[in-house]
Each structure stands twice: as structure tokens, then as C-alpha cells.
Amino acid sequence: MDKLQGIDRINTAIVTTAVWRDYLTMTKPKVVAMLLLTALVGMCLAVPTVPAAHVVIIGLAGIGLQSAAAAVFNHVLDRRFDAQMTRTYHRPLAKGRIATSKAVLFACVLMVSGFILLWQLNPLTAWLTMASLVGYAVVYTVWLKHATPQNIVIGGLAGAAPPLLGWTAVTGSLDPHALLLVMLVFAWTPPHFWALAIHRRDDYAKAGIPMLPVTHGIEYTKTMVLFYTFLLLAVGGLPWLTGMSGGIYLIGSSVLNLGFIGYAIKLKFFDTTGHAWATFKYSIWHLLALFVVLLVDHWWLTWVLAQY
């Protein structure tokens with residue numbers, strides 16, 4: 001009897017762990033972590049020294065909760081399409097492991113909690129973050145994604161907002177330099193996502209989603225990936241040209257952006273099996289490294305100026 005009860009407790013623990021893992025999966029934790037890095041850099045670049053600890057903690061928590069809520073709403077709204085795609089058919093809602101009503105409630109709790117936290121800092125950040133959530137979860141997922149092959153270009157603005165949100169969390173105001181950070185992510189998004197779309201072109205076609213490789217073909221999409229990597233190189237120079245960043249950033253960003261162009265050139269003219277996926281993976285590390293370089297450059301400049 002004791003042995004059976006012990007087995008029941010183990011089984012219950014396994015089921016509970018699996019359920020919470022599904023809830024965590026719906027929040028897209030890796031994506032949220034990357035967004036929070038860009039938000040943190042926005043916070044640090046907003047002030048000459050180090051931002052106040054409580055602002056960083058509350059700001060990142062609020063932005064993270066709202067971003068997680070947007071991800072859960074995306075799972076809810078895309079569940080039927082997810083069930084048709086190899087990349088996403090195993091998701092909790094697509095498989096029916098989590099009830100839709102519970103996922104919606106979970107998303108609403110995350111959304112409201114994040115909004116309340118950010119309101120403690122300033123209303124501007126709270127409302128801008130809410131607008132980004134609506135832009136991604138509703139405007140992009142419900143409308144743009146199924147309306148136009150330029151969906152990721154237009155909808156990418158919502159995903160580019162976290163550096164701006166981090167900046168306003170610290171200052172409570174908008175700044176042209178914060179918008180430069182948004183432009184960096186905005187220019188990076190199309191080649192990042194279209195590389196994935198090339199790799200998963202048949203998936204999107206099967207689900208009837210008009211991604212660029214489905215509507216205009218893979219070769220055209222490769223050309224657009226290359227075009228946007230050159231655009232990213234140009235946009236990447238703006239923080240240095242405006243005096244926002246210094247030589248460390250200029251060198252680091254140039255190396256990273258030229259590397260992205262190298263991947264895009266190979267994708268366009270010398271493609272091999274799996275290179276689109278390799279380009280997609282490089283783009284993730286590219287953005288992370290780009291924002292780390294921004295931060296290193298900022299603190300280096302701060303230290304240098306402090307010596308005089």
C-alpha cells in the first residue's frame with residue numbers, strides 16, 4: 001500500500017512538473033531573455049553611470065511579464081496553425097495539453113501584473129509596453145501575419161521596442177538615441193526571420209501563411225535577406241555617427257554586421273543544405289553580441305570621461 005502511494009505521489013509530481021513546463025514553454029523564455037537583454041542595454045545607455053537597482057529590477061520584471069504575456073497570446077491565437085507545422089505542432093495548445101481558457105487567463109495575469117509593475121516606474125513605459133504587446137499579439141499575429149508577405153517588416157516594430165522601453169523605464173521620456181536602438185532591432189528582424197522562413201518554407205505553405213518565401217519564392221527572399229543585412233550595416237553606423245557610441249562599438253558592430261552579410265551572400269549565391277538555418281542561428285548571436293558591444297562601449301566611454 002505504501003509503495004502504491006509512493007508511486008502515485010511520484011506520478012503526480014511528474015504531471016505537475018510537465019504542466020508547469022508547458023506554461024513556461026508558452027512564455028517563450030529564450031525569446032523573452034533576448035528581449036530583456038536589449039531592454040537592459042537601453043536602461044544602461046539612458047544614463048551616464050549605472051541606473052538605479054530598483055528601476056532595473058522593476059523595469060525588467062514588468063517588461064518580461066508583458067513580453068511573456070504576448071508570447072502566450074501568440075500561442076493562443078496561432079494554435080490551429082501551429083498544429084499544422086512541423087516546428088510548432090508539439091506546442092502545449094496545439095497538442096491540447098493546456099486548455100485555451102487557462103492559457104488566456106494565464107496571459108491576462110502576466111499582462112496585468114507587468115502593467116502594474118511598470119506603472120510604478122512611469123505611465124509612459126507602462127503604456128508603450130502595452131502597445132507593443134497589442135502590436136505583436138493582435139496586430140501581427142491576427143492580421144499582418146496572414147495578410148501580407150511584408151508581415152515581419154511591419155510587425156517587427158513591436159519586437160524592436162524593448163530597448164526603448166528600457167530607456168523610458170529609467171528616464172520617463174522619449175529620446176532620439178533610444179529610437180536608434182529600435183532601428184537596429186527593426187533592421188535586424190527581417191533577415192533574421194526570413195532565414196528561418198526559408199528553412200521552414202514548406203511548413204508555412206502547408207499552414208497557408210503568406211510568408212515571403214511562400215508568396216515570392218526562395219530566391220527572392222534570399223535577395224531580400226541580403227538587402228536587409230546591408231541596410232543593417234548602414235543603420236548600425238548611426239550610433240557612432242551621432243556620437244551616441246564610440247570606436248569600440250564601431251569596430252564591434254562592423255565586424256558583426258559584415259559577418260551577417262557574409263552569411264547572406266553565401267545564402268544567396270553559394271547556398272548549401274542547412275545554411276538558411278545556420279544564418280538564422282548566427283543572427284541570434286549577432287543581436288546579443290551587438291547589444292553587449294553597445295554596453296561595453298558605453299561603460300568604457302563613461303570611464304574615460306571620468307578620468308578628465
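Interatomic distance, CG of Leu164 versus OG1 of Thr125, reported as 8.0 Å (0.5 Å rounding). Remark: Trp240 CH2 to Leu250 CG distance equals 5.5 Å, nearest 0.5 Å. Put simply, NZ on Lys222 and CG on Asp271 are 3.5 Å apart, with the number rounded to the nearest 0.5 Å. Taken from CG in Leu45 to CG in Leu40, the straight-line distance is 10.0 Å, to the nearest 0.5 Å. Taking CG of Leu256 as the reference point, atom OH of Tyr249 lies at 9.0 Å (rounded to 0.5 Å). Summarising the geometry, atom CG belonging to Leu37 is positioned 7.5 Å from atom CZ belonging to Phe291; distances are rounded to the nearest 0.5 Å.
Applying the salt bridge (Lys or Arg N to Asp or Glu O under 4.0 Å) definition to pairs two or more places apart or across chains, those involving residues 143-171 are Asp78-Lys145.
By the 30° and 60° cut-offs, the orientation of the rings of Trp20 relative to Tyr23 is tilted.
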Under the ring-ring contact (aromatic ring centres under 6.0 Å, His included) criterion, do Tyr228 and Trp188 qualify, and how do the steps go? CA-CA 7 Å; Tyr228 271 92; Trp188 167 87; over 10 Å; no
Applying side chain to side chain contact (heavy atoms under 4.5 Å, CB included) to Ile209 and His146, what does each step give before you reach the verdict? CA-CA 6 Å; Ile209 300 174; His146 307 280; 4.1 Å; yes
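Side chain of Arg79 to main chain of Val76: a donor-acceptor pair is present (N/O by atom type, distance under 3.5 Å, no hydrogens or angles). Under a 3.5 Å cut-off, the side chain of His298 and the backbone N or O of Val47 do form a donor-acceptor pair. Side chain of Asn151 to main chain of Thr148: a donor-acceptor pair is present (N/O by atom type, distance under 3.5 Å, no hydrogens or angles). Under a 3.5 Å cut-off, the side chain of Thr88 and the backbone N or O of Asp82 do form a donor-acceptor pair. In this structure a side-chain-to-backbone donor-acceptor pair under 3.5 Å is present from Thr168 to Leu165.
Between Tyr263 and His286, a ring centre-to-centre spacing not shorter than 6.0 Å is recorded.
Closest non-hydrogen pair, Ala137 versus Ala70, comes out as CB-O, 4.1 Å.
Residues Trp299 and Cys44 have side chains in contact (heavy-atom distance under 4.5 Å, counting atoms from C-beta outward). The closest side-chain heavy-atom distance from Leu184 to Thr38 is not below 4.5 Å. Phe280 is not listed as a side-chain neighbour of His199, based on a closest heavy-atom distance of 4.5 Å or more. Residues Phe269 and Leu226 are in side-chain contact: their nearest non-hydrogen atoms beyond the backbone lie under 4.5 Å apart.
Using a 4.0 Å cut-off between a side-chain N of Lys or Arg and a carboxylate O of Asp or Glu, Asp203 and Arg87 do not qualify as a salt bridge.
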